[in-house]
Number of protein chains: 2
Amino acid sequence: MAKEAKDNSTEEKIKNAARRIFQQKGYAGTRTRDIAEEAGINLALLNYYFRSKERLFDLIMTESLEEFFRSLRSVFDDPSTDFEEKIRRIVENYIDKLTANPNLPIFILSELRNHPEELIKKTGVKKVFLNSVFIQQLEDEIAAKRVKPIKSLHFIMNMLGMTVFPFIASPMIKGMGNIDQTEFENLMQERKTLIPVWIKMILTS
Amino acid sequence: MAKEAKDNSTEEKIKNAARRIFQQKGYAGTRTRDIAEEAGINLALLNYYFRSKERLFDLIMTESLEEFFRSLRSVFDDPSTDFEEKIRRIVENYIDKLTANPNLPIFILSELRNHPEELIKKTGVKKVFLNSVFIQQLEDEIAAKRVKPIKSLHFIMNMLGMTVFPFIASPMIKGMGNIDQTEFENLMQERKTLIPVWIKMILTS
DNA sequence: GTCTATAACGTGATAGAC
DNA sequence: GTCTATCACGTTATAGAC
């Protein structure tokens, strides 16, 4: 073997630790010592590889955004699926990603509070949504009177609200329903099929 | 005048400054010096009145939770309004409160990440929701077959998701739609009447 | 590349004059 | 009650040996 597996290199170990802790505690709440300990390395190595806490954070944030929006963009702009199929895929995609990584949305949205303009740019969020095939298909459905008129932003807020909000509020939801993590995840699996049905009801009834 | 107006007392000035900054930057991201400056007083006074950053934070958090859940609880448990009326009032109540205080949900939910158990207790969230008149009315509607069966938690996630999520994600929403704060608030006003209609569609169509 | 030791700095908190 | 000055400590970052 000429090289180590990427995941075991020191650099990757630090990045993985940093990702976990930054996403859980946010930038200000994270100490570089925690990252070093989580990575099983010495604190000095963090600065050796990444120069500073801030640069490491920017790297993690950029990768998180990139990784999260890339797959969504591919669904939004897939010309080979119709409107309803896209809804199903988007909901499924989000629920799978957030089940695997429940802290991601609140991490992104918390940090967004403090650096809105700059992070919005990085997400490329305008291109992903406003000019997407998906939104065009929604407008086509409305024009053809196959669905009732609705503003694109209202539609998006409904779909993302129903899908993403439960993850953001999961401690609250679990408290309200007296359920544990497993039961919560089961509910979210149910929502994969329920949300597209509900959205269709909103658009047609 | 025997007493100063409450809002102008030094103690209140510090509390108001602390509320603004804690809610915007979170506990870890806030420096006591920022609070002092925002309040227009000296740093030492903060400790004179509130003993420590942590005690001041606990006070702000407790009051934020209390203030936020008290009015909701009164709607959830009002025996004089029917099911549909409660939906309208809850949505309206949330949208009004969050329009006035948009940082509140992400503040609470971010800090909840780090102290779930303890904050859940303070909210009294179990009593507010699970045993509320509102949820009982939902179950009655289902039993009487006036609405289709739906799990209470799914129902709550939908209602809160549609209502609260846009505020949490507002920088993202504004970026997506290329809209400013005023247009965003107009959309939220529209949602006051739209969301109850959408929820009804989900329950009956 | 990796470590130990430490410098440099920021932040929460307090002492003490007024 | 309010201020200035300062302490005590924790954290980021670096120097330097290996």
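In the text below, chain A, chain B and the rest are named by the order of the sequence lines, each starting its count at 1. Predicted model only: the values in this text are computed from it and were never measured.
- Per the geometry, CZ belonging to B/F57 stands 14 Å off P belonging to C/dA13, to the nearest Å.
- As rounded to whole Å, 13 Å separates atom C1' of C/dT14 from atom CG of B/L46.
- Checking the phosphate oxygens (OP1, OP2) of C/dG12, a side-chain nitrogen or oxygen of B/T32 falls inside 4.0 Å.
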Close N or O pairs between protein and nucleotides 2-8 of chain C (under 3.5 Å):
residue : atom : partner : partner atom : Å
C/dT2   : OP1  : A/T10   : OG1          : 2.9
C/dT2   : OP2  : A/T10   : OG1          : 3.2
C/dT2   : OP2  : A/Y49   : OH           : 2.8
C/dC3   : OP2  : A/N42   : N            : 3.2
C/dT4   : OP2  : A/N42   : ND2          : 3.0

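- When each of A/R51 and A/R31 is assigned the nucleotide of DNA chain D bearing its nearest heavy atom, the one mapping closer to the 5' terminus is A/R31.
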Run B/E118 and B/K121 through salt bridge (charged side-chain N to carboxylate O under 4.0 Å, His left out) and show every step you take. CA-CA 5 Å; B/E118 147 198 6; B/K121 255 182 237 161; over 6 Å; no
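- The CD atom of A/E54 sits 13 Å away from the C1' atom of D/dA13 (whole-angstrom rounding).
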May I have the step-by-step check of ring-ring contact (aromatic ring centres under 6.0 Å, His included) for B/F69 and B/Y94, ending in yes or no? CA-CA 10 Å; B/F69 281 95; B/Y94 262 111; 8.1 Å; no
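- Between B/F50 atom CZ and C/dT14 atom P there is a gap of 15 Å when expressed in whole angstrom units.
- Using a cutoff of 4.0 Å between basic side-chain nitrogens and carboxylate oxygens, B/K15 and B/E63 are scored as salt-bridged.
- For the pair A/Y27 OH and D/dT11 P, the computed distance is 14 Å after rounding to whole Å.
- Every side-chain hydrogen bond (donor to acceptor under 3.5 Å, both in side chains) that B/T62 has, sequence neighbours left out, goes to B/K122.
- From A/Q137, atom CD reaches atom CG of A/D78 across 8.5 Å, with rounding to the nearest 0.5 Å.
- In this structure, the CD1 atom of B/I14 is 11 Å from the P atom of D/dG1, given to the nearest Å.
- Computed from coordinates, the A/K53 NZ to D/dG10 P distance equals 16 Å when rounded to whole Å.
- Remark: B/K148 NZ is packed, more than 12 non-hydrogen atoms of other residues, nucleotides or ligands lying under 6.0 Å away.
- Protein atom CZ of A/R55 is 11 Å distant from nucleotide atom P of D/dT14, rounded to whole Å.
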